[in-house]
Engineer: 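I'd like to ask some things about the structure below.
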Protein chains: 4
Amino acid sequence: MKVGLVGLGKMGLNLGQNLMDHNHNVVAFDLNTAAVADMKSKGAEGAATLKELVSKMESPRIVWIMVPHSVVDSVIDELSPLLSKGDIVIEAGNSHYKESIARYNKLKEIGVSFLDVGTSGGMEGARNGACYMIGGDQEAWNIVEPIFKDTAVENGYLYAGKAGSGHFLKMVHNGVEYGMMAAIGEGFEVLEKSDFDYDYEKVARVWNNGSVIRSWLMELTEQAFSKDANLDGIKGVMQSSGEGKWTVETALDLQTATPVIALSLLMRYRSLENDSFTGKVVAALRNEFGGHAVVKN
Amino acid sequence: MKVGLVGLGKMGLNLGQNLMDHNHNVVAFDLNTAAVADMKSKGAEGAATLKELVSKMESPRIVWIMVPHSVVDSVIDELSPLLSKGDIVIEAGNSHYKESIARYNKLKEIGVSFLDVGTSGGMEGARNGACYMIGGDQEAWNIVEPIFKDTAVENGYLYAGKAGSGHFLKMVHNGVEYGMMAAIGEGFEVLEKSDFDYDYEKVARVWNNGSVIRSWLMELTEQAFSKDANLDGIKGVMQSSGEGKWTVETALDLQTATPVIALSLLMRYRSLENDSFTGKVVAALRNEFGGHAVVKN
Amino acid sequence: MKVGLVGLGKMGLNLGQNLMDHNHNVVAFDLNTAAVADMKSKGAEGAATLKELVSKMESPRIVWIMVPHSVVDSVIDELSPLLSKGDIVIEAGNSHYKESIARYNKLKEIGVSFLDVGTSGGMEGARNGACYMIGGDQEAWNIVEPIFKDTAVENGYLYAGKAGSGHFLKMVHNGVEYGMMAAIGEGFEVLEKSDFDYDYEKVARVWNNGSVIRSWLMELTEQAFSKDANLDGIKGVMQSSGEGKWTVETALDLQTATPVIALSLLMRYRSLENDSFTGKVVAALRNEFGGHAVVKN
Amino acid sequence: MKVGLVGLGKMGLNLGQNLMDHNHNVVAFDLNTAAVADMKSKGAEGAATLKELVSKMESPRIVWIMVPHSVVDSVIDELSPLLSKGDIVIEAGNSHYKESIARYNKLKEIGVSFLDVGTSGGMEGARNGACYMIGGDQEAWNIVEPIFKDTAVENGYLYAGKAGSGHFLKMVHNGVEYGMMAAIGEGFEVLEKSDFDYDYEKVARVWNNGSVIRSWLMELTEQAFSKDANLDGIKGVMQSSGEGKWTVETALDLQTATPVIALSLLMRYRSLENDSFTGKVVAALRNEFGGHAVVKN
């Protein structure tokens, strides 16, 4: 099939190659002309503008948007007037599912289908086999399924239903990921605080071979410890990029008790600080009622 | 009544005066002879040894032990052979209720009654009106009730039932205290992180006057902020002295879901560290699968 | 002062009387004409419409809105065109602080001041002395302070700063309340699961007299147990009316670790269900890997 | 090697066959004579008593104990006097690491080595390749390593160090498992409460193919949903068999903040109840201060 690929960052470049590996034609656009040239050198058609990209395709066009979260709306705004009824827009970044539903509705008004796609597996996945969670209209899905089937790992894609269901599923996936990572981290912290003298890389390895908790995350844990045996080189600052927070917010909206996911997020926030105001208040209170000594600043 | 008071630390000295204020006779003993002299100057009889203390009383003797947790057993061991059937031992420190049950059983074998007493209210309470939670035999309780009634604030004592029930109740009291303090601390932390510019002392004051969360702890919060408006002088290191941990351990034994008390304790532990190994593992994992930057040490 | 009171529900009626007790003049309006008549019988002027209410006052008018959350905006929309530059609108319901900021900005455009007021203390407080947390412009505040001073308990009001700060403070107050209530509840659950046989009313009473956790909530606990010794008559379904959720959402936005408040909210959600899907998944997994028996539905 | 196998339950029988598959000789004992006969029919020697089992082996004997947790001590007590200096006892059940340290010390006094072995992988693992975490003396370990190497999956065993480190590691493994399972469960509960209409088996499948959270537990999740699409047939009652609790208790002893593991355990306890006393108290309090309706029992 012919795919208009908008966005040639690391994910987009890898996906473009993945598509071409499977004999799909790619028309590639990015503001970064070097990236476009790179894709052309690998066999894609290039486009200098969104207009040119659209002009190089025939209806029903398939446009795959793989741009940073912050510019998705401006790309869609610029793209919409260029598209024709029946065209299909795929948005495969890390968008909030409510944004995806809004985009779906907006494009529906002009007869353009919109598919929201949560993508997991990182750059390596984009290149050699990703994991996709897809929402949107079934008819549009039926048309584009081959390009997902070809660029995913085996069984690595799911059409999950109506608009928003793809990004919702990806969001929850990340929420589960937060919880799993925290569980692994806490386990190693208990080992680290114990009287025993564990080799963490070896621990991760044995847990990856035959144990109940074997997992890709544990493999990555093994890999991380193989590079820095006690993680002495890094600080335990846990950044987050939004989807864990969205999961918790959604859980609150749905009145769902998700203590493990919520705590994994809150402990990330705690890790951003050297000290906490909560701690100061509690320490001050202990001093007030019990005369317990405080640690001076 | 005549009370043998063993242990003349700050709590014991205050309690001794409180007892004498209410016309009870005190025979005071401590290894610290200056403290004994102090009590004597205030009207107590002094004793240079436990033996002398016992000899200055007549059966049924009432011996009130107010010593650090770590020496309770040795005091009881030295005291037991000196006592007679029908004597009553009161232990009013911060003991684990299971220890109290064991002590009760041990003394029961020689016909001595044992009352386990959880004491709240700090030194000020010991001096002018404490809060007591008491376990042990009803008959012994009936004998000693007057000295509790006299030294407690009004309605500030409860005979709670069989051996251990006093210290159990005090333990749970402290668990609730942990949770309340954490709730207060978290609230102020949200204020502190907000865009608004609150005067925390005034906030605590308004919350103490007519609001749902008015409480002694909030009064202490007001007091703490009156001394150091933003608690700049202290670190948020939250020590703990055991009873919160006992509460959580007991909750686990009883298969009771106590997330708030448990988290208030775990966050205290978190506050003891500048960094966490959990954080390192999670940060390393984010780097492994997503190429997210880590903060270097 | 003369106050236009919009909304004569239970809170409004009590507040109106409280104002008149302190020699303020009240012009009262509600769609419910019986409530208006009631207020008139107590000495207020009545108004059949917002227009009439406004017409019975002179600039700078003070209009106090005490209506259900869901109709605040429509009241303000109807009221705004009737007001003059320099008038002051007080909104004292349970609004989200972001709504209050939006209302402040909207009214500012027409020169009307807006004060957001969080009110604590319930109907009893509205009648005899409430607790107020107030945000908005200082100049407007200076004008209306007397009516807050008169209707609050002593020290029971705080002008907290710029627009939104009043409702923000009330929101956090409720977050702290959630945490405190959960801590108390958990404590009693540990007592209830223990081998001891506590009289919960007496426990609450002793904790209210001299202990560290004495508080109005503990007094209410005592009161609740005095009516139903083991709370046999009620289910442990914990509803929530929004401000706890807002606190947690705000904490997430501010990247603040508030595990105790968050868990107190999540456990409320858990209490709304007889069973949990999380539980089903975990039970199924235990069965899959360990052959552990499941409980059949 | 020749291994004396004590305990022919499901785990023991599978392990025995696994050992014999790899050309080790097994002397099998169990009180259940049918199980002994079964092992004999598969090529093992049988023993009617521990004494006979010991007598059929030569020093240094290797005795592998695979019995229920509750009888480990009585087996060791009966076995000890029969053993000789230099013999090795392997205990591969789910023991607390402190018990293992005590057993190690006790057997050390008579010159017998003790290895504590945490075993993961279930019956299937015992039969075809388990995952072992081993603690105890290095010299003893060097002797028995071949039988672990042969009966484990590749890389599926780790000698972790001094006595207790094997069971400690297994305990923490289970703690991590609790957290991971809860994270997965919570994720599916968010899906279940959403407006979307997910096929959970397909969700688990896509998450197992290329996503960050692919794991054996997610494979089991897929399997569970393949049998009962919405888990309608089972209740969400989450039993626990102790190691999660031990992990949390140990974390408390080590002052380690493990909120995710702790909450996964507490939510299991919550699932054992239809209602909670915490909930009753909170509901009663809401009624007391705000007049909020309670749900009657």
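Order of the sequence lines sets the chain letters (A, B, ...), proteins ahead of strands, with each chain counted from 1.
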Engineer: Quick one: do A/K193 and B/E273 make a salt bridge, cutoff under 4.0 Å?
Structural biologist: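 Salt bridge between A/K193 and B/E273, a charged N being under 4.0 Å from a carboxylate O: yes.
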Engineer: What residue, out of B/K10, B/R268, B/M123, has the most heavy-atom pairs lying under 4.5 Å from chain A?
Structural biologist: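 Looking at each option in turn, the highest pair count goes to B/R268.
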Engineer: Side chain, backbone, both or neither: which part of B/S264 has an atom under 4.5 Å from a heavy atom of chain A?
Structural biologist: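 The answer is neither part of B/S264.
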Engineer: Between B/T221, B/V282, B/N274, B/V190, which shows the greatest number of heavy-atom pairs under 4.5 Å with chain A?
Structural biologist: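 Going by pairs under 4.5 Å, I would pick B/V282.
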Engineer: Taking atom CG as the centre, does B/D195 end up with more than 12 heavy-atom neighbours from other residues, nucleotides or ligands that are less than 6.0 angstrom away?
Structural biologist: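 Not buried by this count: 12 neighbours or fewer within 6.0 Å.
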Engineer: Where on A/S120 is there a heavy atom nearer than 4.5 Å to chain B: the side chain, the backbone, both, or neither?
Structural biologist: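 Looking at A/S120, nothing touches chain B.
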Engineer: Taking the side chain as every heavy atom from C-beta outward, state whether A/M267 and B/S276 have any atom pair closer than 4.5 Å.
Structural biologist: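 A side-chain contact under 4.5 Å is absent here.
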Engineer: Can you measure from CD (A/Q239) to CZ (B/R286) and round to the nearest 0.5 angstrom?
Structural biologist: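 The CD atom of A/Q239 sits 6.5 Å away from the CZ atom of B/R286.
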Engineer: Is the ring pair B/F225/A/F277 parallel, tilted or perpendicular, if the boundaries are 30 and 60 degrees?
Structural biologist: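 The arrangement is parallel - the two ring planes meet at less than 30°.
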Engineer: Using a 4.5 angstrom heavy-atom cutoff, name the option from A/A284, A/G291, A/G122 with the most pairs to chain B.
Structural biologist: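 Most heavy-atom pairs under 4.5 Å with chain B: A/A284.
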Engineer: Could you verify whether a donor N or O on one side chain and an acceptor N or O on the other, from B/T278 and A/E186, lie under 3.5 Å apart?
Structural biologist: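 No, no side-chain donor-acceptor pair sits under 3.5 Å.
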Engineer: Between B/V294, B/V295, B/N287, which is the residue that forms a side chain to side chain contact (heavy atoms under 4.5 Å, CB included) with A/I234?
Structural biologist: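 One option only clears the test, and that one is B/V294.
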Engineer: Looking at chain B, which one of A/L263, A/I184, A/D232 has the largest number of heavy-atom pairs inside 4.5 Å, strictly under?
Structural biologist: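 The candidate making the most pairs under 4.5 Å is A/D232.
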Engineer: Using every non-hydrogen atom in the two residues, find where A/L217 and B/L285 come nearest and quote the distance to one decimal.
Structural biologist: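 Closest pair (atom of A/L217, atom of B/L285, distance): O-CD2, 3.4 Å.
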Engineer: My understanding is that only one of B/M181, B/Q223, B/E219, B/E124 makes a side chain to side chain contact (heavy atoms under 4.5 Å, CB included) with A/F289; could you say which?
Structural biologist: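 With A/F289 as partner, B/M181, B/Q223, B/E219, B/E124 yield a single side chain to side chain contact (heavy atoms under 4.5 Å, CB included), made by B/M181.
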Engineer: Is it true that A/K227 and B/E288 make a salt bridge, defined as a side-chain N closer than 4.0 Å to a carboxylate O?
Structural biologist: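 Judged by the 4.0 Å cut-off on N to carboxylate O distance, A/K227 and B/E288 do form a salt bridge.
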Engineer: Name the region of B/Y178, side chain, backbone, both or neither, that has any atom closer than 4.5 Å to a heavy atom of chain A.
Structural biologist: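 Nothing of B/Y178, per the 4.5 Å heavy-atom cut-off to chain A.
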Engineer: Can you check side-chain contact (heavy atoms from CB on, under 4.5 Å) on B/R270 and A/R270, steps first, answer last?
Structural biologist: CA-CA 9 Å; B/R270 179 62 186 81; A/R270 179 63 185 80; 4.0 Å; yes
Engineer: Does A/K296 offer a backbone N or O that forms a donor-acceptor pair with the side chain of B/K235 under 3.5 Å?
Structural biologist: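 The answer is no, because no donor-acceptor pair under 3.5 Å joins these two groups.
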